[in-house]
Amino acid sequence: MAALRKVIMFTIRQISNHLEIAFWAFIIRLLSESKFLRRLLPSLYHLFYKEAMIHVARRALLYALSGFCVGLIVGVIFYS
């Protein structure tokens, strides 16, 4: 049973490796042939990266303000 499981896992790993290599070969060929895609991809990357950074900054600001408010409330409760 364990040997069969090893064979199945090895086969799945081989299939996934072949699919990944085929995918990247296709993408590399597309990028080398298309000027439009070479211009589009960096723009999309920077757009999503910028949006992600804005989201992280907003979340950090929210956590900071929440901590400040909790600290303020605890201070008022304990020191009043």
Side-chain angles (χ1 to χ4, degrees):
M1 189 67 170
L4 178 63
R5 183 175 180 191
K6 283 184 180 181
V7 170
I8 291 173
M9 293 304 293
F10 179 74
T11 305
I12 291 173
R13 215 173 297 128
Q14 277 187 323
I15 291 171
S16 67
N17 287 343
H18 285 294
L19 286 174
E20 182 180 5
I21 290 170
F23 169 78
W24 285 114
F26 176 73
I27 294 297
I28 289 169
R29 191 182 68 216
L30 276 179
L31 288 174
S32 64
E33 294 174 358
S34 174
K35 288 183 181 182
F36 173 73
L37 285 177
R38 284 195 302 257
R39 289 185 196 145
L40 179 68
L41 285 180
S43 300
L44 289 174
Y45 172 77
H46 289 298
L47 175 71
F48 286 113
Y49 180 74
K50 185 178 179 181
E51 290 294 323
M53 292 305 294
I54 290 172
H55 183 70
V56 167
R58 284 182 184 165
R59 184 170 288 180
L61 181 63
L62 176 67
Y63 291 158
L65 288 175
S66 298
F68 177 75
C69 290
V70 168
L72 189 65
I73 291 170
V74 168
V76 168
I77 289 172
F78 285 111
Y79 294 111
S80 293

Measure the spacing between [atom1] of [X] and [atom2] of [Y] and express it to the nearest 0.5 Å.
{"X": "R13", "Y": "T11", "atom1": "CZ", "atom2": "OG1", "answer": "9.5 Å"}
{"X": "Y49", "Y": "I54", "atom1": "OH", "atom2": "CD1", "answer": "11.5 Å"}
{"X": "L44", "Y": "L40", "atom1": "CG", "atom2": "CG", "answer": "4.0 Å"}
{"X": "E20", "Y": "W24", "atom1": "CD", "atom2": "CH2", "answer": "8.0 Å"}
{"X": "R38", "Y": "E33", "atom1": "CZ", "atom2": "CD", "answer": "9.5 Å"}
{"X": "Q14", "Y": "I12", "atom1": "CD", "atom2": "CD1", "answer": "11.0 Å"}

Hey, any chance [X] and [Y] share a hydrophobic cluster, counting ILVMFWY side chains that come within less than 4.5 Å of each other, even indirectly?
{"X": "I27", "Y": "F36", "answer": "yes"}
{"X": "Y45", "Y": "M53", "answer": "yes"}
{"X": "I77", "Y": "Y79", "answer": "no"}
{"X": "M9", "Y": "I15", "answer": "no"}
{"X": "F23", "Y": "L37", "answer": "yes"}

query = Looking only at atom types and distance, does a side-chain atom of S66 sit under 3.5 Å from a main-chain N or O of L62, one as donor and one as acceptor?
reply = yes

query = Is a side-chain N or O of S32 found less than 3.5 angstrom from the main chain of R29, in a donor-acceptor match?
reply = yes

